[in-house]
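Below: the structure, in C-alpha cells.
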There are 2 protein chains.
Amino acid sequence: MSTRSRSAHPVVGITEVARHAGVSPGTVSNVLNRPERVAEATRLRVEAAIAELDYVRNSSGSSLRSGRSASVGLLVLDVTNPFFTEVARGVEDEAAASGLAVVLLNSAEARERQRRNVRLLAEQRAAGAVVMPVDDDLSDLLWLSRQGTSWVALDRGDVAEDVGCSVSVDNHAGGMAAGRHLIGLGHESVTFLTGPFAIEQVRRRHEGLRAAFEESGMDPDTAVRVIEQPLLNPAQGERAVDTILAGGPRQRPRAVFCANDQLALGVMKGLGQRGLRVPDDMSVVGYDNVDLADLVHPGLTTVAQPKYELGRAAMRLLDSELNGAGHVHERVLFTPELVVRGSTAAYRS
Amino acid sequence: MSTRSRSAHPVVGITEVARHAGVSPGTVSNVLNRPERVAEATRLRVEAAIAELDYVRNSSGSSLRSGRSASVGLLVLDVTNPFFTEVARGVEDEAAASGLAVVLLNSAEARERQRRNVRLLAEQRAAGAVVMPVDDDLSDLLWLSRQGTSWVALDRGDVAEDVGCSVSVDNHAGGMAAGRHLIGLGHESVTFLTGPFAIEQVRRRHEGLRAAFEESGMDPDTAVRVIEQPLLNPAQGERAVDTILAGGPRQRPRAVFCANDQLALGVMKGLGQRGLRVPDDMSVVGYDNVDLADLVHPGLTTVAQPKYELGRAAMRLLDSELNGAGHVHERVLFTPELVVRGSTAAYRS
DNA sequence: GAAGGTTATTGACACGTTTCAATCCGGGTG
DNA sequence: CACCCGGATTGAAACGTGTCAATAACCTTC
C-alpha cells in the first residue's frame, strides 16, 4: 500500500495514452500490436505519448481479452540438476526470441507438485508448456490440453504423436554407445547403476546397454548386473558403492555404467574413499555430460546429450504449435554422443 | 486454434458456476477468496458446482481487477550456476507456501537482459521480485518500485535500507575466514583469483582476505596478489592457471583463494594438467560450497553460504512486505562458514 | 466531378474477476 | 407488533485490453 501511493504517476493505461496523443484507444492498441496497420505519422505521435507518460502495458488486460497469456511454463523435475538448467537456458533463449515469458516450475520429482503446477498453468491460461513428466501417467497433461494449453514433452520419446509433441534423445543409442565402449576395452560384464525403472529414460538406456552385449554374442542376463536406487543424485551413488563391491574383491565388477553423471560422480568419490582407483581398479561411465564431468580427476567418460539444443528445439516446436495453423504433433529425436575421458580403461585381470 | 476447439467444455467462468449453483457471481467469488463470509450450505453448493463443471479460475481476470498478480519474479544472474539454483529452490518452496507463483528470469549477467526482465515484471504487474542485481546501478529496481512492484535484493548487502530490503551473506567475514585458515596453515602469501571487481561481493571478499593478513601483522599489499578474470566460471579458472604460475617454479605461489567454487574447480583441473598436486604443491580455497566441492578429489576447502536459507529468507521478507501494513525495509545478514576439506595443507618450503 | 476503391481511424463491446453499497431475511428486543 | 441488528447475498460497476464492424478520409479512374 505504502509502496503504491509513493509511486509518481498513478498508473497510466492505454486510454490515457490515447487521450494524450489525440487518438482513440483502438489505435494505440494497434500501434502496440500491429504497427503496420497505422500510419507513420500517428504511430510516431502515439509512441511519443507512450514514452512521455512512461506507459507500461498491462498484460493481465490483454491476456484476459485474448484468452491466452504470453507466457509458457517450463516444468522440470529438479531445478537443482545441472542437466535441467542447461535445458532451461535453451528454452529461455528461444522463448525470449518469440517474446514469451518463461515460468519455471519445479515438480521436485513428485506427482502432487506436478499436478499443482499444471493447475497453475491452466489458471494462468499459459500459452503453452515444456514439460518433463514425472512418470508414465500423462493424465495431467491431457487435462492441460483440454484446458487449451498445449505442451511439448521433453525427454519422453514414448508419448504418442496423437497426444502431443515430444523432443528427446535416443536413450537406447546412448546405452548402446556406453556398452560398446566398454566391450571395446575388453570388459565382459558391467554393473548398471540406475534410478527407478519407472523412469522411461533409464529403462531405454538399460535396454541399449544389454543390446550392446547381445550384439557381441554375450548373454546380457549374466553380463549386466543392475542396482536400482530411489534417486539419481551423488549421495545415492556414493551409498551404492557398498552394494557394488559386495561379494568381496574377487567378484568385484570392473566397470560401472551409471544412468546419470550425478550418480557416477558419487560412485567415483565412494570408490576413492575405499582406496580403489579409477580407472585402474574400476571403469566408470556416466550419462549427460554435465559441466563438471570435465572437472573431476580423472575426467568422466560419459554419454553427452545436446542439452541446450534440446531446450531450444522444444521451445521452437511449441512455438510452431502456437502459431501454426495446421499443426500436427511431431517427434524430434536427437542422437547422443559418447565422450571418452579418463575414467575408463582396458580390462586387466 | 485447432487445439482450442478440441476442448470438451468451452471454458467456464465464475458466472457459469454461479448460474449452476443458483447463486450470484459475487457469492462464488467469496467462496473462492473469503469462504468464511459465506454460509456453510451455499458454500457446499458452490463447491459442488465448481467440481462438476471442472471450473478453473482465470488469474488474468483477478489480477486485472485487483491490480496485482499473484506471482513474484526471481531474477538471477545465471541459471546455470548451481549456487543460484539452490537459492531458487528456497525461494520456490517459500513462495509455494504463500500461494505465489515464481517466474524465473535469467539476466545472463547482462545489463540489457536485466532491464528487459524488469520491464516484463512490470508488465505482468508482479506482486514482487527477488533480485540479484547485475551491477551497482540500481536504477532499474527503483523504476520497478515506482511501478508498484516491491523487491528484495539478494546477496547485495550494500543497498540502502531506505531503498529496499536485502538478504545477504557477510562476504567480508567469508574472505577473512579463508585468509585465517591459510595463515593458520603457515602461508604467508596468497593469490586471490577473482571475477570483475565491479561485483560488490568479490570486493568484500578481497577486503576480508586482506584484513586477515593485516590482523596477523603482515602487509596485505605484498601478501595478497590479485588476478582478475572477466567471468566466474571453470574455464576462466583453468585459463588463469598460466598467469598464476607465471614467474617460474621459484616464485610460484603456494596458495590460491578463488572468489568462487567454479573458478577453484577450474584451477584444480588446470594444476592437475600441469602436473602440480593439490594440496601438496598448492593449496586451493573456493567460495560457495557448491555440491560438487565435495565430489572432486581432493575435496575443495571452501566458504559455505547458506544458499537454500538465503532464498527462503528473501522470499519471506518479500512476503512480509507484500502483506505487512507498516513494513519497513530490513537487512538480513547471514554468516558464512568455512568448510575444510582436502585441498588445503600446511605450507612447506 | 461522381463513383468506386483503398487505407486509417473510430467506438463500443466483451473478456472474468473483485468490490462495495444496497438489499434481503430471520430473529431478538423493547 | 414495530423496530432494529447482524449476517448472507445480490447487482452493478469497474479494471485495461483486443476486436471488428462501421465510418471517415483520401486517392484513382472514367
Side-chain angles (χ1 to χ4, degrees), chain A residues 1 4 9-47 49-50 53-71 99 122-127 147-148, chain B residues 1 4 9-46 49-50 53-71 122-127 147-148:
Chain A
M1 310 301 125
R4 186 101 61 89
H9 37 234
V11 178
V12 23
I14 213 182
T15 41
E16 178 79 9
V17 172
R19 191 174 322 142
H20 199 265
V23 102
S24 91
T27 301
V28 177
S29 173
N30 280 334
V31 170
L32 260 34
N33 303 312
R34 299 104 113 200
E36 71 280 2
R37 290 205 190 168
V38 41
E40 172 97 0
T42 49
R43 205 197 67 218
L44 292 173
R45 201 144 33 95
V46 171
E47 282 170 349
I50 287 179
L53 297 179
D54 195 13
Y55 161 79
V56 11
R57 148 210 231 109
N58 185 334
S59 51
S60 311
S62 55
S63 348
L64 174 58
R65 171 64 227 229
S66 65
R68 286 288 113 190
S69 85
S71 54
E123 291 186 353
Q124 308 214 126
R125 302 292 190 269
Q147 300 298 322
Chain B
M1 309 295 123
R4 187 100 61 89
H9 37 232
V11 179
V12 19
I14 214 183
T15 41
E16 178 80 8
V17 172
R19 193 174 319 142
H20 198 266
V23 101
S24 90
T27 302
V28 177
S29 172
N30 281 333
V31 170
L32 261 32
N33 303 312
R34 299 104 112 198
E36 71 281 1
R37 288 205 192 169
V38 43
E40 171 98 0
T42 48
R43 205 196 66 218
L44 292 174
R45 203 146 31 98
V46 170
I50 287 179
L53 297 179
D54 195 13
Y55 162 78
V56 9
R57 151 211 231 107
N58 184 333
S59 51
S60 310
S62 56
S63 7
L64 173 57
R65 171 63 226 226
S66 65
R68 287 286 112 190
S69 85
S71 53
E123 291 185 353
Q124 309 214 122
R125 302 294 191 268
Q147 299 298 322

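Here the structure is a predicted model, which means the values were calculated and not measured. Reminder, nothing fancy here: chain letters follow the sequence lines and each chain counts from 1.
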Review point. For the residue pair B:Val17 and B:Leu53, what are the closest heavy atoms and their distance?
Key: CA-CD1, 3.9 Å

Check your understanding: When the distance from CG of B:Asn30 to P of C:dC20 is rounded to whole Å, what number comes out?
Key -> 11 Å

Check your understanding: Which part of the nucleic acid does B:Thr27 contact within heavy-atom distance under 4.0 Å: base, sugar-phosphate only, or nothing?
Key -> base

Exercise for review: Between B:Gly61 and A:Ser24, just flag the one whose closest nucleotide in DNA chain C comes earlier from the 5' side.
Suggested key: A:Ser24

Revision key, fill the gap. d(B:Glu123 CD, A:Ser60 OG) to nearest 0.5 Å is 10.5 Å

**Study point:** Nearest-nucleotide pick for A:Ala39, side chain only, options being D:dA8, D:dT19, C:dT9
**Key:** C:dT9

Review point. Contact class for A:Thr42 (heavy atom, under 4.0 Å): base, sugar-phosphate, or nothing?
Key: sugar-phosphate

Review point. Are A:Arg34 and D:dT19 close enough that a side-chain N or O sits under 4.0 Å from OP1 or OP2?
Key: yes

Check your understanding: Starting at CZ of B:Arg19 and ending at P of D:dT10, how long is that distance when rounded to a whole Å?
Key -> 14 Å

Check your understanding: If you measure from CD on B:Glu36 to CG on B:Asn30, what distance do you get to the nearest 0.5 Å?
Key -> 8.5 Å

Check your understanding: OH of B:Tyr55 versus C1' of C:dT17: gap in Å, rounded?
Key -> 8 Å

Study note, to complete from the structure: From CG of B:Leu44 across to C1' of D:dA8 the rounded distance in Å is 15 Å

Point to revise | Short side-chain N/O contact to D:dC20 OP1/OP2 from A:Arg37, under 4.0 Å | key: no

Study note, to complete from the structure: Looking only at C:dT9, C:dG16, D:dT9, the nucleotide nearest the A:Val38 side chain is C:dT9

Check your understanding: Can you check the A:Ile14 CD1 to C:dT10 C1' distance for me, whole Å?
Key -> 13 Å

Check your understanding: What is the distance from CG of B:Asn33 to P of D:dA8, rounded to the nearest Å?
Key -> 17 Å

Practice item. Taking the side chain as every heavy atom from C-beta outward, state whether B:Leu32 and B:Ser29 have any atom pair closer than 4.5 Å. Key: no

Exercise for review: Tell me what B:Ser29 touches on the nucleic acid: a base, only sugar-phosphate, or nothing, going by heavy atoms under 4.0 Å.
Suggested key: base

Check your understanding: Rounded to the Å, how far apart are B:Leu64 CG and D:dG18 P?
Key -> 12 Å

**Study point:** Interatomic distance where CD belongs to B:Glu16 and P belongs to C:dG16 [whole Å]
**Key:** 10 Å

Point to revise | Phosphate-side-chain proximity, A:Asn58 and D:dC15, N/O vs OP1/OP2 below 4.0 Å | key: no

**Study point:** Base of C:dT18 paired with side chain of B:Arg65 (donor-acceptor, under 3.5 Å)
**Key:** yes

Point to revise | Polar side-chain atom of B:Arg125 near backbone of B:Ser66 as donor-acceptor pair, under 3.5 Å | key: no

